[in-house]
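Data block below; observations after.
Chain identifiers are assigned alphabetically (A, B, ...) following the order of the sequence lines, protein sequences preceding nucleic acid strands; residue numbering begins at 1 within each chain.
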There are 2 protein chains.
Amino acid sequence: MLTPAPTTAADARPSIRLLLADDHRMLREGLRHSLTELGFTVVAEARNGAEAVELASSTKPDIIVLDVTMPELDGVEAARQIRATNAEVGIVMLTMHADQDVLTEAIRAGANGYLVKDCSMDEIAAAIDAVALGETALSPGLAASMLAEVRRQDGSNQPSRVITAREEEVLQLIADGCSTPEVAEQLFISQKTVKNHLASIYQKLDARDRTQAVLQAVRMGIVKLS
Amino acid sequence: MLTPAPTTAADARPSIRLLLADDHRMLREGLRHSLTELGFTVVAEARNGAEAVELASSTKPDIIVLDVTMPELDGVEAARQIRATNAEVGIVMLTMHADQDVLTEAIRAGANGYLVKDCSMDEIAAAIDAVALGETALSPGLAASMLAEVRRQDGSNQPSRVITAREEEVLQLIADGCSTPEVAEQLFISQKTVKNHLASIYQKLDARDRTQAVLQAVRMGIVKLS
DNA sequence: CCGTGTTTGGTCCGTTCGGCCCATGCAGTT
DNA sequence: AACTGCATGGGCCGAACGGACCAAACACGG
């Protein structure tokens with residue numbers, strides 16, 4: 001199609017094979033276009049996490065570029081599943097917002113890179129190159145907060161752990177519009193227990209009321225807004 | 001930079017001058033790349049609504065591609081301001097989610113096109129061409145719901161009206177984690193007034209508490225989650 | 001077997017929230 | 001001039017909420 005653009009480092013990329021996964025075709029096409037021109041080879045594209053998992057095993061790419069927020073299966077969980085069956089593949093996560101907790105989860109899920117979408121194609125290319133060489137690439141600014149997170153974990157406390165299954169049920173019902181008495185009724189438990197779960201949730205999500213908890217949960221992809 | 005790619009309909013576009021506005025550089029670059037290659041001329045790029053308004057008046061583009069969710073000034077309000085000073089320019093809105101209310105607001109603000117980001121570059125190009133010719137372009141599926149909306153308006157009721165500026169301030173502060181007393185302090189008004197605004201918001205958004213109101217506002221793009 | 005975490009439940013207390021009534025003033029519009 | 005919408009307030013009340021304690025039952029891994 002195109003005559004290879006005279007890019008600086010394009011020749012230094014020995015046809016790194018990429019799998020792109022994002023639910024927005026516009027972004028997929030933009031990525032494919034620019035990255036192809038920068039010397040990469042896009043072997044497949046996925047519209048959601050489930051497709052990404054399938055295509056990862058069928059096309060065996062070198063690097064997988066995964067959007068965090070995707071239908072069917074979110075990027076973090078997709079990364080976890082891909083990493084479970086393929087320890088060598090490089091995983092670069094893309095996200096809209098620089099969320100500390102999601103970043104932590106993504107790294108824990110086996111991601112090698114984590115970039116906010118507000119970065120240039122050159123930065124993505126550099127990140128892919130770095131990951132291909134076995135390094136870890138983070139968006140500017142995220143590295144600092146990542147270190148802060150590690151330091152915090154080294155400290156003593158565990159401010160953000162994972163929400164339990166029951167707590168997630170409570171959260172989802174709250175997000176769906178239920179009050180505490182209604183959640184209790186739905187789950188066949190007492191109001192007090194619901195309040196206990198909520199108190200636990202507030203601690204884990206660093207929230208002080210249900211509104212903030214639900215918003216944080218939405219940000220983290222724990223609950224879906226109906 | 002690039003030799004113009006031998007694209008099919010590129011010659012049929014007499015260098016339509018574009019202004020791109022999106023807060024995510026990745027998407028901006030992808031759009032600029034692909035649209036330039038498709039024969040358009042990108043004269044400027046904006047990172048937020050305020051920049052878009054400025055650049056619209058200084059660079060006088062033919063078509064403005066506006067993301068709905070942007071910092072500083074959201075796309076809908078930016079469209080309104082641009083339309084107020086320039087009646088001829090074509091405005092194409094881009095959005096992540098196909099939200100009915102936002103679509104209605106965008107059209108009312110003077111947008112000529114409304115596309116979800118899950119569409120191909122060719123579809124965007126086609127929409128820009130259509131808008132350049134004075135037509136209105138909507139994403140597939142949105143046209144139908146648009147008609148449904150018009151039909152609903154023809155009916156009789158007005159289930160969801162618009163949130164006022166003051167109400168939006170209150171909503172945003174609530175979403176940012178403020179309680180009623182804190183919102184009152186921030187806005188230098190009494191708690192009672194905040195509660196009055198909230199009551200009005202509940203009616204308009206069909207919510208019964210602040211949690212649901214904020215969630216609905218997030219869905220509708222009224223407030224941004226920080 | 002003991003510790004940890006999860007889920008279930010309790011009491012008490014002060015604050016917040018949302019609904020209900022109401023009023024005043026200030027802009028536009030008709 | 002009258003009407004409508006918006007923003008600003010008041011008081012009252014019952015329900016809901018969140019915190020500060022606590023405790024029992026169960027499962028799971030070391």
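Contacts classified as salt bridge (Lys or Arg N to Asp or Glu O under 4.0 Å) and involving residues 164-180 of chain B (residues at least two apart or in different chains) are given here: B:Arg166-B:Glu169, B:Glu167-B:Lys204. The salt bridge (Lys or Arg N to Asp or Glu O under 4.0 Å) pairs that include a residue from residues 74-87 of chain A are A:Glu77-A:Arg80, A:Arg80-A:Glu105, where partners are two or more places apart or lie in different chains.
Residues satisfying the side-chain hydrogen bond (donor to acceptor under 3.5 Å, both in side chains) criterion with B:Thr69, sequence neighbours excluded, are absent altogether.
For D:dC17, one of the phosphate oxygens OP1 or OP2 lies less than 4.0 angstrom from a side-chain nitrogen or oxygen of A:Thr180. Applying the 4.0 Å criterion to OP1 and OP2 of D:dG18, one finds that A:Arg210 has a side-chain N or O inside that range.
One atom, CG of B:Leu198, and another, C1' of C:dC20, lie 16 Å apart when rounded to the nearest Å. Atom CD in B:Glu182 sits about 14 Å away from atom C1' in D:dG18, given to the nearest Å. In this structure, CD1 of A:Ile174 is placed 11 Å from C1' of D:dC17, rounded to the nearest angstrom. Atom C1' of nucleotide D:dC6 and atom CD of B:Glu168 are separated by 15 Å, given to the nearest angstrom. Atom-to-atom, CD of A:Gln203 to P of D:dA20 comes out at 9 Å; the value is rounded to the nearest Å. As rounded to whole Å, 13 Å separates atom C1' of D:dG19 from atom CG of A:Asp209.
Of the inter-residue distances, the one linking A:Asp206 atom CG with A:Gln203 atom CD reads 10.0 Å to the nearest 0.5 angstrom.
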At a cut-off of 3.5 Å, list every protein nitrogen or oxygen paired with a nitrogen or oxygen from nucleotides 8-15 of chain C, distance to 0.1 Å.
| from | atom 1 | to | atom 2 | distance (Å) |
| --- | --- | --- | --- | --- |
| C:dT8 | OP1 | A:Arg166 | NE | 3.0 |
| C:dT8 | OP1 | A:Arg166 | NH2 | 2.7 |
| C:dT8 | OP2 | A:Arg166 | NE | 3.1 |
| C:dT8 | OP2 | A:His197 | NE2 | 2.8 |
| C:dG9 | OP2 | A:Ser190 | N | 2.8 |
| C:dG9 | OP2 | A:Thr193 | OG1 | 3.0 |
| C:dG9 | O5' | A:Thr193 | OG1 | 3.4 |
| C:dG9 | N7 | A:Asn196 | ND2 | 2.6 |
| C:dG9 | O6 | A:Asn196 | ND2 | 2.8 |
| C:dG10 | OP2 | A:Ser190 | OG | 3.4 |
| C:dG10 | O6 | A:Lys192 | NZ | 2.9 |

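Checking side-chain atoms of A:Gln212 against main-chain N and O of B:Ala175 turns up a donor-acceptor pair under 3.5 Å. The backbone N or O of A:Leu198 lies less than 3.5 Å from no partner atom in the side chain of A:Arg210, so there is not a single donor-acceptor pair. Under a 3.5 Å cut-off, the side chain of B:Thr85 and the backbone N or O of B:Ile82 do form a donor-acceptor pair.
Counting only heavy atoms from C-beta on, A:Tyr202 has its side chain closest to D:dG18 among D:dG18, C:dT6, C:dC17. Candidate nucleotides D:dC17, D:dA7, C:dT6 were compared by shortest atom distance to the side chain of A:Thr164, and C:dT6 ranks first.
For the pair A:Asp67 and A:Lys117, the salt-bridge criterion is met [side-chain N within less than 4.0 Å of a carboxylate O].
The bend of the helix from C:dC1-D:dG30 to C:dT30-D:dA1, defined by the angle between the axes of its first five and last five pairs, stands at 50° to the nearest 10°.
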Could you give the side-chain donor-acceptor pairs of residues 47-54 of chain A under 3.5 Å, partners two or more places apart or in another chain?
| from | atom 1 | to | atom 2 | distance (Å) |
| --- | --- | --- | --- | --- |
| A:Arg47 | NH2 | A:Glu51 | OE2 | 3.0 |
| A:Asn48 | OD1 | A:Ala50 | N | 3.0 |
| A:Asn48 | OD1 | A:Glu51 | N | 2.7 |
| A:Glu51 | OE1 | A:Arg47 | N | 3.0 |

